[in-house]
Structures are given as C-alpha cells and as structure tokens.
Amino acid sequence: MEYNPKNIEKKWQEHWKTNDSFEPSEDFSKEKKYILSMFPFPSGRLHMGHVRNYSISDAFARYHRQQGKNVLHPIGFDSFGMPAENAAIKNGSHPKGWTYDNIDYMKNEFYSLGFSFSRKREMATSDELYTKFEQSFIIDMYEKGLLYREKGMLNWCPHDQTVLANEQVVDGCCWRCDTPIVKKEMNQYYFKITQYSDELLSDLKKLEGGWPKQVLTMQENWIGKSNGLAFDLEFDDASKEKLNAQFGGFDVFTTRPDTIYGVTYTALAPEHKIVAYMIENHLLSEEIVAAITKMKNTSSIDRQKEKSGLSLGLNVVHPLTGKSVPVWIANFVLMDYGSGAVMAVPAHDDRDWDFAKKYDLEITSVIRPFDGELSLDAAFTEVGELFNSADFDGMNSKKAQYDVIKTFEDKDIGKKTTNYKLKDWGVSRQRYWGAPIPFIHCSDCGLVMEKKENLPIALPEDVEINGEGSPLENHPTWKHCKCSQCGKDAVRETDTMDTFVQSSWYFLRFCASPQNWEKEAFSKEQIKYWMGVDQYIGGIEHAILHLLYARFFTKVFRDLGYVDFDEPFDKLLTQGMVLKDGSKMSKSKGNTVDPDAIIEKYGADTARLFILFAAPPTQELEWNDSGVEGAHRFVKRFYERSSNVVKTDKIPTITHSSLNKEEKFARKKVYEALVRATEVYQERYTFNTMIAGVMEAMNALNLQTNAKVWSEGYWILSSIMEPVIPHTCWEISHEYFSLNNLSAQKVLDEVFAQESVTLGVSINGKRRGEVEVAIDASNDDILAAAKEVVAKWLDGQTILKEIVVPKKLVNFVIKG
RNA sequence: GCGACCGUGGUGGAACGGUAGACACGCUACCUUGAGGUGGUAGUGCUUUCGGGUGUGGGGGUUCAAAUCCCCCCGGUCGCACCA
C-alpha cells in the first residue's frame, strides 16, 4: 500500500463536494458551533499565512462536526479595495475581472487543501447583493444619527489619492503604500463610533478569558479614556480688547488638577480657532504668522522631534489665584485631543518642563516628595505632598485631584470630564472599487438618502482607471440622478466606503440561510441561533482596526434592533506569523514558500500537518523544509501502517488483562493521545502536543503485533487526526471502518490501570534514583523501598521530612 | 517613555509547582538497498577521573520541591506614543 496523496486527496475532495459534506443543518434545535477565520482579500494566490489560518479553523470545524455539533464554517472574500485598482492602473485589467478571477483561483486552492467550508454560503463583499444590504444599513445608521458628513482636516495619501482613517495611518504614513500622509481639508462621512467609546471600553471585560490579553490591552489603549478636569481660562481685559471682544477665553483639559497652583503658562495648538482668528485679522506679525504656518505644515513625525512655540502676547487669569498667565502656541499641543489647548505646569510635567526651559518661562513647584528633597533638575511627576497651594497644602497629590475638581465644581468654573483618544471613523474613500455611499446631493433638498427600493447603487463597469482623481467623479453619466425627495436633477455621492465597513458585518451575513440569500441580509432567528462566533481566528494585525469596527457595528446593529447581543466574537485566537529564515515571508525579501508547490510535492495533508505541528498556533512559525519532509514521512507511515488493521464496523472489544506488556502499553498510549486530543481541541489549542501524542501512540503500536490492538488504535488515532490530515484519515476510515470511526470517541479507563508505578526518588529535591512499587502500595512500603534505592545517599544522615507524591515521586529532606 | 508578551539543547518545541528537554528536525554509527530515497536499530544538553558534577538569560526570594510563583536586573518581539 503505497501512499499516494494525489489520488487520495482528489478522491475525497470530490466526495465532499458531491455530497455537500460540510453544509450546516437548518435544524436549529441542534447544538451549534460557529467557527470562523478572518476572510481573505483576493490578492491572487494563497500564502502560508492563509494556509495556517484555515488549517486551524478547519481543525476546529472538523472536530466539532465529529462531536455531533451543527457546524458553520464559512468562507468569503473581502474583495473591495485598492489593490484591484492598482492592478488596473498597472496592467489595464478591470478591477471586477481581476477580483473575481483571483477569487476563483483562490477558491480552488482552498479546496485543494481540503478545507471543510460551507460552499453554499461562499460570497464576496463586492457582490451587488452584499452592497445592497450594506447600503440599506448605512441609510439606517444615517437616520439614527450615527453617520454624518462634515468638513475636516483629513489624512490624505497622495499616492493612493484617498483619505484614510486615523487607524490606517501608521507612523505618519499610509498603511498600504507607506507614503507620508498630508493633511487636507475635505468633506467626509464619519461613523459616530465615539458615541460608543465607553461601551467599547467597558465591554472589553466581557471578552476577558475569551480574547488574548494583548488584544484587549491594545483596544483599551486605542480608545484611550482619561478622566480629569475641564475649565475655562479667561483672558484679561487687555487681551480681550486685542481680540476685538471675539473671545472671552478658552477651554483646557487636565488630568492633573492637583498641579493647578503650578500653572505658569498655557499653550494652544497652532490650529486653534483663536490662532486662526488672529491670523485672519492680522493681529500677529508676519514673522510669527510664517512660523505658525510652517509649524502647521510640518509632518506629525517631524513635529515630534523638537518642541517649539511662540508667544501670542495674550494673557489669561489663573482661575484660583487671579495671577496673569501668558498664552503661547506650542507644536506639541494636538488640536484633535481635548480642546486643543492646555494649562502648562512645567514643574510637574516633562513636556511642559522642556518647553519652559527652552523659552525661559517661569517654573513653580507645588508638589514635593513625601520624604527627601525636591530635585530642581527635572519635572517631579510622582505622587507627593502639595505646597504653595493655598488650602490644599499638605495634601496627598493623588487625593487633591478630587478636591480640586470639587472646588471648581462648587465654584461653577469647571467640571469633571472624560476624554478619549478614539476619534470618529472617517469612511469616505475617493476610489472606484468600493461600495458607493447611497446618498444624493440635491441643490434644493441638500444631502438626501437614496430610496431603499433603488438599492443597490451599483458601480458602473465602464470606467477609466488611471490613478488620477476619483473614477466615479470622472465618469460621464453615473453620478447624474434624480433627487429621491423632490425628483429634480441631482448628483450622486461619488465617494465609496472604506473596505473595513464590509468586514464589520460579514460574519452576520454568513448566518443567513442560502435559500433566503436574495431576500434578506439575515434573519433574526438565524442570527440568534448562530451568533456569537464561538471561535474566531485571525492575525494579530487586526487587533485594532477590524476587531474594533466589528464590535462597533455589532452594537449599532443591536441598537437598530437587528441583533440582541453586545459582542460578536466569543473567543478569539490570534495566530502567529509564518516566518522563513527568521523574517516574515514576503515577495520583496524573496523568502516565500508557495502553498501550491508544497501541495504538488507532498500533498495537502503534509502541509496541514507540518503547519499545525511545528509550533503552537499563537506563536510564530518558522518554515523549515526538512520539517516538512518529516511531516510527510509521518503521514506516509501513518497511511502505510494501516495495513496492520483488520476491517471492522465498530471499535474492537479487547480483554485488556489478556494482553502482553507491549500491547497494554500501546493501548495506553492510544488512549492517552485521545485524552490529550480532547483537551487540545476544547481548551488548549496546542495542536503540536496532540500530534506528538499521536506519534508516541504510533511508536508504541509498532512495538507489538496484535491486530485487534492495531485496529482499535487506528480507529481512535484516525479519528483524532482527521481534523488535521482529513484526506488520509477518510481514506483509512473508509477502507477499514466504513467511515464509522469519524465521531466522538470514548475513553476507556481500564487501559490506564496499572499494577505498578515508577516513582522518582529525590533527596532535597535532587533526583537520585527511581523505584517501582505496586500501585496500591502504602506510603510506608513506598518509603521503605525508596530508602533502599537511595541508601548510599542516606547513609549516616538524619531524615527531617519524607514526602510522597502519589504516582509521581518521593522526596527525602535531610540535614545539610 | 508607556503597555503587553517572551527568554529551555545544534534547530522547532514539550513539561498547567512534582523525574527538565516529550515529539520532531538535524547529526553520528550500523542494517536494508546496485546507488539515492524510503524503512529499521542504537546514540545525541554540557562536563566527567564514569562515582558523579552541572544545567531552563543573570541575581535574590517563597516552597519539602521552581523553567513554572514573587521581586530586581539584562536581552528580545510587538503595539501605542508630545493624548495634557
């Protein structure tokens, strides 16, 4: 029996396809499992990261199917996005053709790996049907006030010619093409994600235990909640006059109200509206205006390099002391956080300190250490004791924060405030290959929504894509339409949506029964049954963007009445990257391994086995060619040794007591592998250790010749390996077991019964020998036997303590 | 700077306070083979005077017992980063 992966794999892939083997049942009384891998972008070919991702989810899906669960394991494609347009610009292909060709190719790759996806629920987010339902949700969100249009300074990528969300700007550059971002003022649609800031933060608690801590922390930091005091700083009379009485003062926010008596200057962001007013009304010298303009045009990276600022020649009044405090502009004050203005306490804040030193501003200390001297070489930012602070003198600075806030609230000059780093999600993209935003601009009615019955607003196919401007804007006819309200000539919105909108609800779409596919996005009943996703698997790179947006959409859908839960993904597994020669596989580094070539050479089962065996799923995985060969040898051995099995329709019954030592050992190893497999599939996800257990069992089986033990062993081992190397296991199972063993397996306790057990014997925790004792030996007998074994170590020593750990070891504590 | 995770043979990795290095790769020797591959047998942390000694980044602590728990330091990876 020679192992021929090509024949076996093709045979079973055909079988699964023709028999609809992996379609979930519509019987909602069954216990369900929803296993989902993050869906791929159809870039053209699968890479090893994909293979790893889907090998993991497929193992889960197949395992739960064996356990009799109703399993939903769908696949789709996140198929809108820039690369389709880039390909169009580069080689003249049409984004749609390019995308769907890629999808076809990748689907074949998926099925050649034997993944058990529901074929009937395959979809792509660029399908018009998907766009139709999405646009309908967008209209709902607009009606709820969760989507709005506003002019703002946006992140503009000059290369991709589009706006980016804050989350898509990485180190000041475009997340896709690495081009430095410039700020541009434009109209833009925003999702009001900030309305959910608090809930997105507090619901992270519900995910504890199910999600990796790292991801929860990243989301927490991204939302960035901080509590503090907001208050008004009022201009003195001379400053008010200078500003033509247009401004009475400005708002500042601080998380350190305890340092209020240490305020010696205040600083505005260069983009602050007071600064803008002063420039417009020529209240500043040309020199200063030039410096401000330069500051504003500096990229955010450069702006971080050195602090700089300018005095505005204005003063405010300290709210508690009445002292005059100068107003500056500072490049480190961010317009989009808080109010774009800060009170500065150089004595107790590093940034304020640097700035004060550079411009020789006053520094007033108000907190000193509880013991020891206050150093005047740097800002003192620890907790300490207040001084120079009137009524608050002597108070613990931590406690004083509450008292100062209370004082401001009592006097009605400020209040406790919470700020978030999270910003509203800008979703317009000035690109073609995306879902059109279903709005209309009417010269009479303003911004109006398209009527739902006219959805989808589909993309025109005859477009010119040359990288200049928005193809929809440039299209001769597409944007012209009738106003949905007054019926007069109007124009469509030509912006399309960020592709993260599609991935924010695709997991809900998969819950829809294919027979209702056309009619509805999903039904409440289907959602109720299938959601939440029991196990979600994907890369850590989506820890913020996708997962935050999907959580946001879930909460919005809940408030729109479509779903009745708060969080979409119960359990999240973030897989590690696939590396080659120590770094991430990438075309530019030339260290990629093509999955197709591996399947061609060794078969899909080898690829799957290697990828699950080489490392636990959450860790990085180093690709290793000889490791792949090792995996291949195992699959081959596993298949070829099945010739020791005798055909049977049910698991053989064996009288354990009549077996010899090797046979008993083999059975024990087989059942140990089963116990471990259960643990791994249900809790630990360390497939590498499960596979190691199967290898041990195989090694043990090979030391004996009992056909019944072989048959029982294969009955169990091919069942627990089926989620990993499905083709080989189905072939074996079909050949010998009529496919009856691919189901939940029972553990037989009798095989673990032992007459004797070997204990380690140690002295002072140091292993000195081992002793074999009867399983039911008393502690005294064990100790006596153990003492004999280590007699030479105990000679002339006083035993202070004797410890017996049942079935593990004996430890003697001796003096010295 | 802040936060999270991690540090075990030549390599990937086991060990959920209880015999460190399971399982595999690699390597060495031998058997099978015309050769290569496959398959098989034995060995493989370091060191050794063959008794043993020593060993999980370094130092300390808790414990009868620590790779594992606690503290400090060193190193690495990732994320955030002038967020007031």
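Values in this document were obtained by computation on a predicted structure and should not be read as measured data. Here is the naming used below: chain letters follow the sequence lines, and residue numbers restart at 1 for every chain.
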> Out of B:G53, B:C16, B:A14, which has the shortest distance to the side chain of A:Pro616?
Replying inline: B:A14
> Which whole number of Å gives the distance between the C1' atom of B:A29 and that of B:G34?
Replying inline: 22 Å
> When the P atoms of B:U8 and B:U77 are considered, how many whole Å apart are they?
Replying inline: 14 Å
> If you measure from the P atom in B:G79 to the same atom in B:A84, how many Å do you get, rounded?
Replying inline: 22 Å
> Is there a donor-acceptor contact under 3.5 Å from the side chain of A:Arg52 to the main chain of A:Gly576?
Replying inline: yes
>> Does the structure place the NZ or CZ of A:Lys307 under 6.0 Å from the centre of the six-membered ring of A:Phe332, at an angle of no more than 45° from the ring's axis?
In response: yes
> Starting at the 5' end of RNA chain B, which residue's closest nucleotide do you reach first, A:Leu809 or A:Glu622?
Replying inline: A:Glu622
Which donor-acceptor pairs under 3.5 Å do the side chains of residues 211-218 of chain A make with protein atoms, sequence neighbours left out?
unit_1	atom_1	unit_2	atom_2	d
A:Trp211	NE1	A:Phe569	O	2.7
A:Thr217	OG1	A:Lys213	O	2.8

> Whole-Å distance between B:C80 C1' and A:Ile223 CD1?
Replying inline: 13 Å
> How is A:Gln619 classified with respect to the nucleic acid when contacts are heavy atoms under 4.0 Å: base, sugar-phosphate, or nothing?
Replying inline: sugar-phosphate
>> Side chain of A:Lys766, heavy atoms from C-beta onward: which of B:A20, B:A84, B:U54 has the nearest atom to it?
In response: B:U54
> So A:Tyr3 and A:Tyr639, would you call those rings parallel, tilted or perpendicular, with 30° and 60° as cut-offs?
Replying inline: tilted
>> For the P atoms, the ones on B:A24 and on B:A42, what distance do you get once it is rounded to whole angstrom?
In response: 13 Å
>> Which is it for B:G51, anti or syn, if anything within 90° of zero counts as syn?
In response: syn
> So what does A:Thr686 touch, heavy atoms closer than 4.0 Å: a base, only the sugar-phosphate, or nothing?
Replying inline: nothing
>> Once you measure the plane-to-plane angle for A:Phe253 and A:Tyr337, does it fall in the parallel (<30°), tilted (30-60°) or perpendicular (>60°) bin?
In response: perpendicular
>> salt bridge (Lys or Arg N to Asp or Glu O under 4.0 Å), that's the test. Do A:Glu679 and A:Arg676 meet it? Break it down for me.
In response: CA-CA 5 Å; A:Glu679 226 176 79; A:Arg676 203 186 290 183; over 6 Å; no
> Which one is paired to B:G7, where only Watson-Crick or G-U wobble pairs with both distances under 3.5 angstrom count?
Replying inline: B:C74
>> Tell me if a side-chain donor or acceptor on A:Tyr420 pairs with a main-chain N or O of A:Trp222 at a distance below 3.5 Å.
In response: no
> So, the side chain of A:Lys423 versus the backbone of A:Lys421: is there a donor-acceptor pair under 3.5 Å, distance only?
Replying inline: yes
>> Using O4'-C1'-N9-C4 for purines and O4'-C1'-N1-C2 for pyrimidines, with syn meaning within 90° of 0, is B:G55 syn or anti?
In response: anti
> If we call it a pair only when both distances are under 3.5 Å in a Watson-Crick or G-U wobble match, what pairs with B:C23?
Replying inline: B:G12
> Checking all strands, does A:Glu679 fall into the base, sugar-phosphate, or nothing category for heavy-atom contacts under 4.0 angstrom?
Replying inline: base
> Side-chain donor-acceptor pair under 3.5 Å between A:Thr758 and A:Glu772, yes or no?
Replying inline: no
>> Does B:G51 have OP1 or OP2 under 4.0 Å away from a side-chain N or O of A:Arg768?
In response: no
> How would nucleotides 22-43 of chain B be written as a contact map, 5' to 3', with B for base contact, S for sugar-phosphate-only contact and - for no contact, using protein heavy atoms under 4.0 Å?
Replying inline: BBSSS-----------SSS---
>> From the set B:A4, B:C80, B:G53, return the single nucleotide nearest to any side-chain atom of A:Trp222.
In response: B:C80
>> What is the separation between atom CE on A:Met577 and atom C1' on B:G79, rounded to the nearest whole Å?
In response: 12 Å
> Mind checking the P distance from B:A66 to B:G57? Whole angstroms is fine.
Replying inline: 15 Å
>> Could you identify the nucleotide paired to B:A42, looking across every strand shown and requiring Watson-Crick or G-U wobble geometry with both distances under 3.5 Å?
In response: B:U28
>> Check the orientation of A:Trp328 and A:Tyr359. Use parallel for under 30°, tilted for 30 to 60°, and perpendicular for over 60°.
In response: tilted
> Just how far, in rounded Å, is P of B:C6 from CG of A:Leu621?
Replying inline: 18 Å
>> Using a heavy-atom cut-off of 4.0 Å across all strands, would you classify A:Val215 as base, sugar-phosphate, or nothing?
In response: nothing
> Looking at B:G18, B:A84, B:C5, which one has an atom nearest to any side-chain atom of A:Lys213?
Replying inline: B:C5
> Rounded to whole angstroms, how far apart are CG on A:Leu572 and P on B:A4?
Replying inline: 19 Å
>> Categorize A:Trp793 for me: base, sugar-phosphate, or nothing, with a 4.0 angstrom heavy-atom threshold over every strand shown.
In response: sugar-phosphate
At a cut-off of 3.5 Å, list every protein nitrogen or oxygen paired with a nitrogen or oxygen from nucleotides 61-67 of chain B, distance to 0.1 Å.
unit_1	atom_1	unit_2	atom_2	d
B:C64	O2'	A:Asn811	ND2	3.2
B:C64	O2	A:Asn811	ND2	3.1

>> Could you check whether A:Glu600 pairs with A:Lys6 (Lys NZ or Arg NE/NH1/NH2 to Asp/Glu carboxylate O, under 4.0 Å)?
In response: yes
> Is there a Watson-Crick or G-U wobble partner for B:G36 with both distances under 3.5 Å, and if so, which one is it?
Replying inline: none
>> Whether A:Glu640 and A:Lys636 form a salt bridge (side-chain N of Lys/Arg under 4.0 Å from carboxylate O of Asp/Glu) is what I want to check.
In response: yes
> Just how far, in rounded Å, is P of B:G3 from NZ of A:Lys421?
Replying inline: 12 Å
> Considering only the P atoms, how many Å lie between B:C71 and B:U62, rounded to the nearest integer?
Replying inline: 15 Å
>> Measuring only the P atom in each nucleotide, how far is B:G1 from B:C27? A whole number of Å is fine.
In response: 45 Å
> Can you check the A:Met218 CE to B:G3 C1' distance for me, whole Å?
Replying inline: 11 Å
>> Between A:Tyr714 and A:Asn644, is there a side-chain donor-acceptor contact under 3.5 Å, judged purely by atom types and distance?
In response: no
>> Give me the distance, rounded to whole Å, that separates B:U56 from B:U19 when you measure between the P atoms they each carry.
In response: 16 Å
>> Tell me the interatomic distance from A:His272, atom NE2, to B:A84, atom C1', rounded to whole angstroms.
In response: 13 Å
> If pairing requires Watson-Crick or G-U wobble contacts with both distances under 3.5 Å, which nucleotide is the partner of B:C2?
Replying inline: B:G79
> Where each residue is assigned the nucleotide of RNA chain B containing its nearest heavy atom, which of A:Gly769 and A:Asp352 is assigned the position nearer the 5′ end?
Replying inline: A:Gly769
>> Expressed as a whole number of angstroms, how long is the span from A:Glu620:CD to B:G79:P?
In response: 11 Å
